[in-house]
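Only this structure's heavy atoms are used, side chains among them; waters, hydrogens and symmetry mates stay out. Bear in mind the structure is a predicted one, so any value in this text is a computation, not a measurement. The sequence lines fix the lettering, A, B, ..., with proteins before strands; numbering per chain opens at 1.
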Amino acid sequence: MSSHPIRTRFAPSPTGVLHVGGARTALFNWLYARKQGGVFVLRIEDTDHSRNSEESKQIIIDGLHWLGLDWDEGPQKGGDHGPYYQSERNAIYEEYLAALEKKGFLYEEHGAIRFRSPRRKVLLEDLICGNIEFDLTNPATHPDMTLRRPDGSWIFHFVNVVDDIEMKISHVIRGEDHLSNTPKHLELYAALGAQPPRFAHTPLILNRDGSKMSKRDQGANMSIYPEQGYAPEALRNYLSLLGWSPKDNREILDTSTILELFELHQINRRSASFDPEKCFWINGQHLLRMDLARYRELALPFLEKAAICSESSEMLEKVLSLVKPKIKSLPDLPDWVRCFFSDEFPFEPEAVAKNLSTPQARERLSLLAQALLLLECWSASSIETCFKNRAATLGIRVGELVHPARVAVSGRSVGAGLYEMLELLGRERTIKRLLASAENR
RNA sequence: GACCCUAUCGUCCAGAGGCCUAGGACACUCCCCUUUCACGGGAGUAACACGGGUUCGAAUCCCGUUAGGGUCGCCA
């Protein structure tokens, strides 16, 4: 198409959190660049000295790393258009300011440097919002913008435009909160004699009730997702669906599919609201569908944190593949699997009360243990047969054996398939636990 | 207040004049499967903000109203 290479950028200011809206903006920029075979740039807009710190910058970098949005140029990566921190680009801004000065666009007021608007109508051809004309002829409604403060520090509009020119950004994909700023930016491009990039303003993400999403709202802060056991690929999936869709009712999409189907101009013009429940569901679907190696990778930190360690990696894999189809959230994992790796596990009081409190139940456990002791082959299917036979002999439903046994062996009333659990646990531990419960509880 | 954007189930998305008695998904309710919890399958509740046009015909086009959001900073 164009002879100009596609270059997009994510240009956050370090505020201490990576907001979910910012993450989505970054995702769209990343998707577009990757889809077009272009370059994705990360630039940190840290001109406001009062509120930026190393930690804040690190939070953004960590968040993007976690989300899997790798940049081609930027912090930790370098590139031909650096530096990528605005705080280090002073000389460049001075140069551009001098150019504007020379052309007579600037004037000073109270020590600040301001841009004299040409006072014209400005047409924005937005890839998402369409053509919008802004009338900037009235100074009362559109006052001249300030470019530089009396203390020498720079204002967003100016440095943002200068950097986009210098970094040869071809597509500015950003939140709709910048839509009304764009005519000002267009004035700057014109004044600098630069060709403006294509703009694409995405609708904002709101809360479920339609209110503006602040960093404190549920789900707004990206740092909670790794902690809560979300898979980055699931978040990419959910975020991509806020304002965009593949149009064919598919919802669970891996990133390569999104890449294949994503189109900038198909993004909605309607603001979306963030639904934590749906996000959770999408994550669950990814957890369910991912392969065991990936599952294990995501699960490991949660097991380590709970001080659960496996005697063998083979055992770990067996346990994980057993519970994987059942579990919806990785933070729940330790409670589900602790009983496989240690004899020290808590008994849920309600589960005990319901299933182990009667002498009858304890009697059955002990009978069950005797039967299992005699089993010639310790496999899930023969264990199942044994349970069923036992139940038939006692004239009860299998459930009346299964539920107490589950609690005796795991302390819990919910879990994976019991017969498979027992097979994995081994005969010795199974019988020991059945008898312990038969006697004590 | 001015300017800009938006308006389909509670939520996300489909719908770009007749295929719409509006489709899918989350959530919710019920049923089936099942040793539990899940998964899976089935069913159900639930929406075109309102008012005018245009048209033989409008969720879809136009205008207005209302509502929500955004911007109007020497924040980004």
Residue [X], side-chain atoms from C-beta onward, closest of [options]:
| X | options | answer |
| --- | --- | --- |
| A/E420 | B/U35, B/C39, B/A76 | B/U35 |
| A/E251 | B/G24, B/A27, B/G10 | B/G24 |
| A/V414 | B/U35, B/C12, B/C37 | B/C37 |
| A/S180 | B/A14, B/G70, B/C37 | B/G70 |
| A/V402 | B/U35, B/C74, B/A76 | B/U35 |
| A/H403 | B/C4, B/U11, B/U35 | B/U35 |

Does [X] reach a base, just sugar-phosphate, or nothing at all? Heavy atoms under 4.0 Å.
| X | answer |
| --- | --- |
| A/G417 | base |
| A/F387 | nothing |
| A/H178 | base |
| A/E109 | base |
| A/P143 | sugar-phosphate |
| A/I155 | sugar-phosphate |
| A/D135 | nothing |

### Query
Do any N or O atoms from the side chain of A/T146 and from the backbone of A/R148 form a donor-acceptor pair under 3.5 angstrom?
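A pair under 3.5 Å: no.
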### Task
Give a yes or no answer on whether the side chain of A/S366 reaches the backbone of A/R362 with a donor-acceptor pair at less than 3.5 Å.
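Between the backbone of A/R362 and the side chain of A/S366 there is no qualifying donor-acceptor contact (under 3.5 Å).
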Answer yes or no: are there more than 12 heavy-atom neighbours, outside [X] itself, under 6.0 Å from its atom [atom1]?
| X | atom1 | value |
| --- | --- | --- |
| A/E94 | CD | yes |
| A/R397 | CZ | no |
| A/E88 | CD | yes |

[atom1] spacing across the pair [N] / [M], given as an integer number of angstrom:
| N | M | atom1 | answer |
| --- | --- | --- | --- |
| B/C74 | B/A16 | C1' | 46 Å |
| B/C28 | B/C3 | C1' | 42 Å |
| B/G57 | B/G10 | C1' | 32 Å |
| B/C19 | B/U60 | C1' | 14 Å |
| B/C9 | B/G24 | P | 16 Å |
| B/C13 | B/C56 | P | 35 Å |
| B/A14 | B/A22 | C1' | 10 Å |
| B/G15 | B/A59 | C1' | 8 Å |

Is there a Watson-Crick or G-U wobble partner for [N] with both distances under 3.5 Å, and if so, which one is it?
| N | answer |
| --- | --- |
| B/G18 | B/C56 |
| B/A38 | none |
| B/G23 | B/C13 |
| B/A7 | B/U66 |
| B/U29 | B/A43 |
| B/U71 | B/A2 |
| B/C48 | none |

What about [X]: does its side chain form a donor-acceptor pair under 3.5 Å with the base of [N]?
| X | N | result |
| --- | --- | --- |
| A/K326 | B/C37 | yes |
| A/R406 | B/U35 | yes |
| A/K278 | B/A25 | yes |

Within less than 4.0 Å of OP1 or OP2 of [N], is there a side-chain N or O belonging to [X]?
| X | N | result |
| --- | --- | --- |
| A/N181 | B/C4 | no |
| A/K247 | B/A14 | yes |
| A/T47 | B/A76 | yes |
| A/R397 | B/U36 | no |
| A/N249 | B/C13 | no |
| A/R412 | B/U36 | no |
| A/S273 | B/C12 | yes |

Between [N] ([atom2]) and [X] ([atom1]): distance, integer Å:
| X | N | atom1 | atom2 | answer |
| --- | --- | --- | --- | --- |
| A/M290 | B/C39 | CE | P | 16 Å |
| A/L241 | B/U11 | CG | C1' | 13 Å |
| A/E263 | B/A16 | CD | P | 18 Å |
| A/Q285 | B/G24 | CD | P | 17 Å |
| A/N160 | B/G73 | CG | C1' | 16 Å |
| A/H110 | B/C74 | NE2 | P | 11 Å |
| A/R269 | B/U60 | CZ | P | 16 Å |
| A/R43 | B/A76 | CZ | P | 13 Å |

### Query
Given side chains that start at C-beta, do those of A/F158 and A/Y96 come closer than 4.5 Å, heavy atoms only?
yes
### Query
Are A/K324 and A/Y295 in a cation-pi setup, meaning NZ or CZ lies under 6.0 angstrom from the ring centre and within 45 degrees of the ring axis?
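Because its charged atom sits under 6.0 Å from the ring centre and within 45° of the axis, A/K324 does stack over A/Y295.
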### Task
Let me see the working for A/R119 and A/D144 under salt bridge (Lys or Arg N to Asp or Glu O under 4.0 Å), right down to the final yes or no.
CA-CA 9 Å; A/R119 300 285 154 218; A/D144 288 340; 2.8 Å; yes
#### Entry: Heavy-atom closest pair, residues A/L64 and A/L42
CD1-CD1, 3.8 Å
### Task
Given side chain to side chain donor-acceptor pair (under 3.5 Å), test A/S153 with A/R149 step by step and report yes or no.
CA-CA 5 Å; A/S153 59; A/R149 300 184 192 90; 2.6 Å; yes
### Query
Hey, which of these two, A/W281 or A/A11, hits RNA chain B nearer its 5' end, going by closest nucleotide?
A/W281
### Residue mapping more 5' on RNA chain B - nearest nucleotide basis, A/E277 or A/D248
A/D248
